[in-house]
Peer 1: 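Okay, here's the structure, questions in a sec.
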Amino acid sequence: MKYFNYRNGHLFAEEVGIAQIADRVGTPFFCYSSSALEKQYDSLNTALHPLNANICYAVKANSNQAVIKTLAARGSGADVVSKGELLRALAAGIPAHQIVFSGVGKTAEEIHFALTERIGQFNVESLPELELISNIASKMGSVAPVALRVNPDVDAETHEKISTGRKTDKFGIDIEDTPELYGRATKMSGLKTVGLAIHIGSQLTSLKPFRYAFERLSKLVQVLRTSGHSVTHVDLGGGLGVNYIDETPPTPMSYAKVINETIGGLDVEITVEPGRFLVANAGILVSKVIFIKETAVHRFVIVDAAMNDFIRPTLYDAEHCILCEKEVSQGVARPAQIVGPVCETGDILVREVHLPNLTSHDLIALCSAGAYGAVMGSSYNTRLPTPEVLVKDQEFSIIRPRPTYSHILSLDRIPSWL
Ligand SMILES: *Cc1c(COP(=O)(O)O)cnc(C)c1O
């Protein structure tokens with residue numbers, strides 16, 4: 001989080017005071033650092049350079065066009081999982097041939113649109129999907145580049161809700177069934193079968209599951225080649241973890257080393273799809289204390305951000321660090337639970353944290369909020385969607401404004417008979 005620092009006792013994003021942004025934008029808001037995004041991208045790109053691998057940013061982690069464009073300017077491609085994300089990636093300037101379309105449930109409309117735009121690759125997860133893509137491509141007189149997403153049956157040793165590579169998960173094609181399906185795909189007239197893809201889960205803090213999955217994938221490539229199939233592309237997915245509290249995730253260099261040791265000798269074009277790794281620690285969620293409520297059991301710090309702004313703690317039991325806008329050196333007060341105003345018991349941002357005494361109107365920042373934050377927001381309780389701000393050196397720009405209440409209300413329609 002080194003792009004969010006104290007200067008003269010106040011929290012800054014790069015060279016802009018958080019309090020100054022709060023004055024302009026109001027709270028809560030997400031604040032991202034351009035330099036942090038660029039530094040993460042560059043560190044991975046440097047580590048992967050000897051492998052000549054493509055980086056396709058998994059847009060679902062943070063799909064603001066300004067964020068995508070920041071990464072696109074460094075040469076990033078995109079991994080998208082819907083037509084909406086595909087439109088965002090294209091609008092942010094990512095060339096279509098650098099876009100991979102993932103997901104278990106692509107609709108005919110989405111496939112048709114992606115083919116019209118001539119995206120780089122479809123990662124396909126079932127026989128019916130292969131048939132649908134082939135049919136649509138044939139009708140268009142086009143050929144769809146496809147890779148089969150394999151389920152390598154590996155436990156990513158991460159949170160239950162973000163593990164995707166076990167036999168019981170909905171994702172991918174069973175590794176035992178892949179050779180047969182690969183053969184069938186190569187015979188479909190609308191397809192060009194280029195290779196294999198995997199994505200075993202998110203927030204992996206150990207290299208072990210990666211190594212195991214990549215080894216299985218490598219063996220499968222050899223099996224397919226022995227059967228006479230051509231395999232030119234391998235997509236290793238995302239999943240590289242980050243530090244939220246005290247995790248020690250693998251470094252990009254050690255991740256690249258595992259790729260090199262397992263896939264490096266295959267003579268294939270390698271793609272990776274990092275999401276969280278690129279954006280998580282490039283963002284914070286700034287909010288304002290509304291009340292301090294002391295009960296016999298807890299000291300509740302009630303802030304103006306809630307589970308609708310940031311659902312990770314509620315959905316994944318995620319833990320995040322807190323920074324106060326005013327740097328404080330005094331001793332800590334009674335442990336606090338930081339909660340939002342939403343009418344749900346689960347609306348907890350931080351379960352227990354030792355903070356100095358805060359009062360109403362103080363600003364706090366929830367750290368590592370750049371990934372799976374704004375994108376998962378809702379307007380539950382008719383709260384306004386959270387604005388996003390991007391900082392670059394001494395400048396900041398509102399990259400998604402807070403909508404007005406009249407806009408939100410105008411989206412409903414009252415039937416004429418009511
Ligand atoms: C979510 C997802 C990613 C990104 O995962 P991270 O853990 O954020 O790196 C990459 N590929 C696919 C197919 C995904 O579904």
Side-chain angles (χ1 to χ4, degrees), residues 37 40-41 43-45 47-48 53-63 67-68 71 76-82 84-86 89 98-106 110 114 119-126 129 146-152 154 156-166 169-173 195-207 209-210 213-214 217 233-244 247 249-250 252 255 259 270-283 312 315-316 318 368-376:
L37 292 168
Q40 281 304 90
Y41 183 87
S43 70
L44 187 61
N45 197 31
L48 294 172
N54 309 305
I55 299 177
C56 285
Y57 166 53
V59 163
K60 74 171 189 277
N62 185 325
S63 56
V67 170
I68 303 175
L71 298 170
S76 185
D79 168 55
V80 302
V81 295
S82 69
E85 285 191 355
L86 176 50
Q98 277 182 270
I99 299 179
V100 173
F101 198 159
S102 301
V104 292
K106 303 174 194 75
E110 290 178 315
I119 64 156
Q121 183 173 304
F122 292 84
N123 289 349
V124 180
E125 308 209 16
S126 64
E129 187 189 341
V146 299
L148 297 199
R149 174 161 170 190
V150 181
N151 181 322
V154 50
E157 297 167 21
T158 183
H159 190 274
E160 169 66 24
K161 290 199 174 90
I162 48 176
S163 192
T164 57
R166 299 164 302 186
D169 299 327
K170 72 177 175 185
F171 298 100
I173 295 158
L196 300 172
I198 51 170
H199 170 69
I200 61 174
S202 198
Q203 182 54 10
L204 273 73
T205 51
S206 157
L207 287 169
F210 281 127
F214 298 169
L217 194 70
H233 289 65
V234 158
D235 180 339
L236 300 174
L240 195 54
V242 299
N243 180 36
Y244 283 106
E247 299 87 343
Y255 175 66
I259 297 177
I270 298 170
T271 298
V272 293
E273 303 168 343
R276 187 188 310 271
F277 173 83
L278 295 177
V279 293
N281 279 316
R312 294 195 71 256
L315 188 59
Y316 307 121
S368 318
Y372 305 105
V375 283
M376 295 180 102

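Everything numeric here is computed off the predicted structure, so don't read it as measured data. Atoms within a ligand are numbered from 1 in the order they appear, just like the ligands themselves. Just so it is clear, the values below take in all heavy atoms, side chains as well, and ignore hydrogens, waters and symmetry mates.
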Peer 1: To check your reading of the model: name the closest protein heavy atom to atom 1 (C) of ligand 1, its residue, and the distance in Å.
Peer 2: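 Ranking protein heavy atoms by distance from atom 1 (C) of ligand 1, first comes Lys60 NZ, 1.3 Å.
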Peer 1: Answer with side chain, backbone, both or neither: which part of Pro274 has a heavy atom less than 4.0 angstrom from an atom of ligand 1?
Peer 2: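 The answer is the backbone.
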Peer 1: Heavy-atom distances under 4.0 Å are what count here, so tell me which part of Val81 touches ligand 1: side chain, backbone, both or neither.
Peer 2: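 The answer is neither; Val81 stays 4.0 Å or more away.
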Peer 1: Looking at Arg149, which atoms of ligand 1 are within less than 4.0 Å of one of its heavy atoms?
Peer 2: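 Listed by number with element: 13 (C).
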Peer 1: Which atom names give the shortest non-hydrogen contact between Ala213 and Val154, and what distance separates them?
Peer 2: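 Here Ala213 and Val154 meet closest at CB-CG1, 4.0 Å.
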Peer 1: Donor-acceptor pair, Asn62 side chain versus Val67 backbone, under 3.5 Å?
Peer 2: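 No, because the side chain of Asn62 does not come within donor-acceptor range (under 3.5 Å) of the backbone of Val67.
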Peer 1: With heavy-atom distances below 4.0 Å as the criterion, list the atoms of ligand 1 near Asp79.
Peer 2: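 Per the distance check, 10 (C), 11 (N), 12 (C), 13 (C).
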Peer 1: Considering non-hydrogen atoms of the protein only, which is the closest contact for atom 5 (O) of ligand 1, and what is the distance?
Peer 2: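 Of the protein heavy atoms, His199 CE1, 3.4 Å lies nearest.
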Peer 1: To the closest 0.5 Å, what do you measure between CD1 (Ile55) and CD1 (Ile270)?
Peer 2: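 Going from CD1 on Ile55 over to CD1 on Ile270, the span is 12.0 Å.
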Peer 1: Distance under 4.0 Å to a non-hydrogen atom of Ser102: what atoms of ligand 1 satisfy this?
Peer 2: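 Answer for ligand 1: 13 (C).
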Peer 1: Side chains of Asp235 and Ile198: closer than 4.5 Å at any heavy-atom pair?
Peer 2: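 With C-beta onward as the side chain, the pair stays apart.
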Peer 1: Does even one non-hydrogen atom of Ala61 get within less than 4.0 Å of ligand 1?
Peer 2: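 Ala61 does not count as a contact of ligand 1 under the 4.0 Å cut-off.
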Peer 1: Any idea which atoms of ligand 1 are less than 4.0 Å away from a heavy-atom of Glu273?
Peer 2: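 Counting atoms of ligand 1 from 1, those under 4.0 Å from Glu273 are 3 (C), 4 (C), 9 (O), 10 (C), 11 (N), 12 (C), 13 (C).
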Peer 1: Answer yes or no for Arg312 and Tyr244: cation-pi contact, defined as NZ/CZ to six-membered ring centre under 6.0 Å and angle to ring axis within 45°.
Peer 2: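 Pair Arg312/Tyr244 counts as cation-pi.
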Peer 1: Which atoms of ligand 1 have any heavy atom of Ala58 under 4.0 Å away?
Peer 2: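 So the atoms of ligand 1 that pass are 3 (C), 4 (C), 10 (C).
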Peer 1: Answer yes or no: is there a side-chain heavy-atom contact under 4.5 Å between Leu240 and Pro249?
Peer 2: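 No, too far: nothing below the 4.5 Å cut-off.
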Peer 1: Looking at Phe101, I'd like to know if the NZ or CZ of Lys106 sits under 6.0 Å from its six-membered ring centre while staying within 45 degrees of the ring's axis.
Peer 2: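 Judged by the rule (NZ or CZ under 6.0 Å from the ring centre, within 45° of its axis), Lys106 counts as positioned above Phe101.
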Peer 1: For the CG atom of Asn151 and the NE2 atom of His199, what is their distance to the nearest 0.5 Å?
Peer 2: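 One gets 11.5 Å once the value is rounded to the nearest 0.5 Å.
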Peer 1: Mark up the atoms of ligand 1 that fall under 4.0 Å of a heavy atom belonging to Arg276, in ascending order.
Peer 2: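 Checking each atom against Arg276, I get 6 (P), 8 (O), 9 (O).
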Peer 1: Closest heavy-atom contact between Arg149 and Phe171?
Peer 2: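 Residues Arg149 and Phe171, closest heavy atoms: NH2-CB, 3.4 Å.
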Peer 1: Between the candidates Cys56, Gly239, Gly201, Ala197, which shows the shortest non-hydrogen contact distance to atom 9 (O) of ligand 1?
Peer 2: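 Going through Cys56, Gly239, Gly201, Ala197 one by one, Gly239 has the nearest heavy atom to atom 9 (O) of ligand 1.
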Peer 1: Is the contact between Tyr372 and ligand 1 made by the side chain, the backbone, both, or neither, using heavy atoms and a 4.0 Å cut-off?
Peer 2: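 The answer is the side chain.
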Peer 1: Backbone or side chain, does any N or O of Gly237 fall under 3.5 Å from an N or O of ligand 1?
Peer 2: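 No, since none of the N or O atoms of Gly237 sits under 3.5 Å from an N or O of ligand 1.
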Peer 1: By number and element, which atoms of ligand 1 are closer than 4.0 Å to a non-hydrogen atom of Ser202?
Peer 2: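 Ligand 1 atoms under the 4.0 Å threshold to Ser202: 6 (P), 7 (O), 8 (O).
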Peer 1: Is any side-chain heavy atom of Val279 closer than 4.5 Å to a side-chain heavy atom of Tyr57?
Peer 2: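 Yes, side chains in contact.
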